[in-house]
Structure formats: C-alpha cells, structure tokens
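To keep things clear, I will list the structure first and then write my remarks on it.
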Amino acid sequence: MAQPVIGLEIHVQAKTKSKMFSPVSAEYFADEPNSHVDPVSLGLPGAMPVPNEEAIRKCIAISLALNCQINQKTKFDRKNYFYPDLPKGYQISQYDYPVGHDGYLEIDVEGDARRIRIRRVHIEEDTGKSIHTDDGTLLDYNKAGVPLIEIVTEPDFQELKEVTAFAKLLKQTVQYVGISDAEMQKGQMRFELNISVRTNEPDGKLPNYKVEVKNIGSISVLEKVLQFEVKRQSEILAKGEKVVAETRGIRDMSGATVSQRLKETEDDYRYFPEPDIPPIYISDEWLAEIRSELPELPAARRDRYVHDWGLELEQAEILVEQRDKGDWIDLLSKDLAAEKLKQAVKWFIGDVSGLMEKKGVSVAELPVSPTDLIFLVESVAENKISGTIVKKVLEEMFESGGRAEEIVKSQGLEQISDSGALEKIVDEVIVNNQKLVDSLAKNPNAINALVGQVMKATKGQANPKLAEQAIRTKLGVS
Ligand code: ADP
Ligand code: MG
C-alpha cells in the first residue's frame, strides 16, 4: 500500500468590514467588479497600508483556538512575485514572526484521537481575481486586499480520513471562533494540498520531494485530489522514476491535477520586512482579553453533550456541527432536567430539523423558540398532549407561526383527561361496538381495539391510559 505524506495549507478570509490595509469595504461577494477598490488595494504609487486591528484580533483568536504560541512581537513582510491580480508586485504577508506558531488540533478518526501539529498561523492579504475569457483576461480587484489568515500544518497526515476529519473540524472551529463563515462555495476557505508518497525512506524521514496542489475549494474535491495524486505518484514511483516537485492545479471537480509550474523556492520570493508598517506588539492584556472571549470549541461541546447530558455520540455530533444549533439547544438546559432534555434533543434533531430542512429555514429564522419546545416536552411528560400532537403543533408553527401553547389551547389539542367527558365517549364506543365487547371474554386483547375506537372518536386527544381504565371500569373487567 502506498504510504502518503500530507500537509495542508489553508487560507481563510477573515470576516471584517474593511480590507486588511485600507478602509474600503471587504464585503464584496457578488458585487460589480472593481467596485471595492481604492489606491491601497490597487497598489497605486504612494498609497500607504494601515493594518486592520480586527483582522489581527481574529488571527490571534484562531491561533489560540489552535493551541498555538503567540509571537507578541509580530511583523509584516513583503513576498515578491509577479501576477496580474497582484498589482503591487508583492503581497504583504508574514515571514519570520507569524502571529501564531507551534500549535495543534486534535481530530477524531473513528473514535481514535489524533493530533495534527500546526506549524504556523499568519495574516496576509488576498489577491484580485483573474477571469479568463475568449477575448483575453479580465481583472477584478474587489478581492484584492481582503484579510486572509493562512494556517499551515506539519506533514502529519497519513491517510484520507485524517485529512477529511481535520478539514471539517477546522471549518467548524473557524466558524465557532467567528473568524469567518468559511463558506467554501464563496471562496472564504481554500485548501492547498502538499503531498508525497513514501518509498523506502527510513522512519522519521520524509520523501525528498513534494507536490503542491493549489486552490481547492471544497472538502469533497480535496478528497478526490488526494486520491488522484496518491495513485499518480505511486505509479511513477513503482516504475522506479522520480516524481517532479512542482505546483499543480485542478481544472474541474474531478480531482485530476495538471502541472502548472516548477515549485518556486523561498529565495524566489525575496522576503523582506514591510517598510511601511512598523512591527506590532501584542500586549499581555490584549492577549488575555482575546483568550477570555474564546467560545467553547466543538470537541469540548461534543464531550459535554455526551458526558454531562448523556446524549448519543451521533446526536452530539449533529448539534455540534453548527454553532448556532448547539447555542440554541443550550438555552434549554437550565430549564429541563436530564430525561426531558434528552426528549427535547430528540424533537429538535428529528422533527424540528426535518422541518427546517424542508422549508429552508435557518436556526436564526426558527419559528420555534426554546420556550415552545420546553412547553411541548413538559406537556407530553404531564400527559397533556401526545407525541402525535407535538408533530402537528410543530408543523403548524412552521406553517403559520404562533406560540406552541396558544396553538394547543386555541385548537383544543389537549388530551381529554377529564373523566366526565371521557366517560361519555366511552359509553358511546361501548354501545357502538357490541361485537368487540362480546369478544372480550375470549380475547382480552380486544380491549386495545376498544381504546383505539376511543382514540379515533377523539382524533387522538384522549389519554389512552385513562381511556382503558374507563372501559375496564364500565365493563367490570380487570
Ligand atoms: P515550502 O517552503 O516549499 O512551501 P514547507 O516546508 O514550508 O514547504 O511546507 C509547506 C507544506 O508542505 C506544509 O504544510 C508541510 O507540512 C508540507 N510538507 C512538507 N514536506 C512534505 C512532504 N515531504 N510531503 C508532503 N507534505 C510536505
Ligand atoms: Mg507554501
């Protein structure tokens, strides 16, 4: 079996109002090309960059969430290369003092915890966008200068499952910490895959080459590229040939890669300190403040749901997937005791989520409030309504709004537990089902059929236990 060695470089656009080094709006998605530009993002002569504090704060926050050390003296550097979408001829990035370094993210692969080391986390600026048409290349500089956080891992991955688990958890972590919405279809999170395949290097020694595949915009494409490259490189190595160390790209979603250029080395970039921006000092106070504002992270939340709430792992994972789902369900925990809380989670993951999906409703737009779900769970526990009615009420709330309690009251959906009312119905059922009553002597199970008739007559609103009792009393059967 081919043994791949894999490292990832991930670019995440930090969600900020303005660009990394100028006040022009960074919220450009789907806007008219070149409508978010200014002298700084166009690289006009004499334009001076001013760093965006919010972007640096976000870079510190994600570094801390990834268990990194922080360079409290950090600085910007110029990375020189020519490309039409990089108007200055250099990118402002970070070289020897990245904001974060030497961290890790612990992933879970089928119940097995594995640690992927993070080499560095730094901040830089995004480039513009080249649009290739039949008549030539068009340039849109809206994206140029948008704050970009780059996260670089050590080459610690050995299999596809680890890469997938890491990519998903990193995306969640970025969203939890509020760095970015990390919507990949909008290009807010992009992957670069570094990959080589082992032949007979001794343990602890890496293959002496690597291939880099740039600009991968989704986790499923990342998986396909990985499979493609392992196969391609293994076949070359099996023939006793050498794999060219190069940068490759993708043309479509198939995962196939094509050669783009030979790998540039660090020297080619002629890194040097950015002379227009003085070094930045991150004070102890600022660091402590950012650390104290970090939310509970996905793994900790998942463990809390399993260990403290007693949820199944799969249930916990569904709730953790999106931060706002967990935030929502957390609102119930102070009002509901363990068993009821579990019941609430079941309704939330089942019927509520099903309706959300069907109607295309997000957690923020949810027509069911925590109070509504608490009311429904309590009502079922007190035998006031049945599970069938809960489904009906939830559907009604998604359909026409309103509070759960009002719907139950106004539509008279409470179970009939009033013995007078119930007795009247039981009398009618007995009169109308004489055959069933007669068969009781031979077949005691006929009692269930009679209860069924009572439920039918009340459209599901009778309390089945009370109905059975009433029938038994009337007919004198124990
Ligand atoms: P470069 O300077 O050429 O970009 P780096 O050593 O900085 O190379 O590493 C860049 C990325 O490549 C990192 O994510 C690292 O984990 C990964 N990497 C390094 N060596 C290998 C290798 N032999 N195979 C696969 N990935 C590697
Ligand atoms: Mg690189």
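Ligands are counted one by one from 1 in listed order, and the atoms in each one are counted from 1 as well.
Taking a cut-off of under 4.0 Å to the non-hydrogen atoms of Glu154, the atoms of ligand 1 that pass are 16 (O). Atoms of ligand 1 found under 4.0 Å from any heavy atom of Tyr209, numbered from 1 in the order shown, are 23 (N). Interface atoms of ligand 1 facing Pro207, defined by a heavy-atom separation under 4.0 Å, are 23 (N). Those atoms of ligand 1 that come under 4.0 Å of a heavy atom in Val5, given as number and element, are 24 (N), 25 (C). In the vicinity of Ser196, heavy-atom distances shorter than 4.0 Å reach the ligand 1 atoms 22 (C), 23 (N), 24 (N), 25 (C). Here is the list of ligand 1 atoms found below 4.0 Å of a heavy atom in Leu8: 14 (O). Those atoms of ligand 1 with a heavy atom of Val152 less than 4.0 angstrom away are 13 (C), 14 (O).
Residue contacts with ligand 1, taken as heavy atom pairs separated by less than 4.0 Å, do not involve Asp156 at all.
Between Leu206 and ligand 1, no pair of N/O atoms sits closer than 3.5 Å.
Here the rule is side chain to side chain contact (heavy atoms under 4.5 Å, CB included) with Ile282, and of Ile70, Ile290, Asn71 only Ile70 fits it.
From Ile195, atom CD1 reaches atom CZ of Arg248 across 11.5 Å, with rounding to the nearest 0.5 Å. To the nearest 0.5 angstrom, Glu296 atom CD is 7.5 Å from Tyr176 atom OH.
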Could you go through residues 345-356 and list every donor-acceptor pair under 3.5 Å that involves a side-chain atom there, pairing it with any protein atom two or more places apart or in another chain?
from   : atom 1 : to     : atom 2 : distance (Å)
Asp351 : OD2    : Lys391 : NZ     : 3.4
Ser353 : OG     : Phe348 : O      : 2.7

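The existence of a salt bridge linking Arg114 and Glu162 is confirmed by a sub-4.0 Å separation between a basic side-chain nitrogen and an acidic carboxylate oxygen. By the 4.0 Å N-to-carboxylate-O rule, Arg301 lies close enough to Asp327 to be salt-bridged with it.
Although no hydrogens or angles enter the test, the distance criterion places a donor-acceptor pair under 3.5 Å between the side chain of Lys19 and the main chain of Ala144.
When Ile195, Asn194, Thr153, Asn208 are checked for heavy-atom proximity to atom 15 (C) of ligand 1, Thr153 turns out nearest. Ranked by closest heavy atom to atom 5 (P) of ligand 1, the top entry among Arg119, Lys205, Arg117 is Arg119.
Residues passing the salt bridge (charged side-chain N to carboxylate O under 4.0 Å, His left out) test with Arg232 are Glu229, sequence neighbours excluded.
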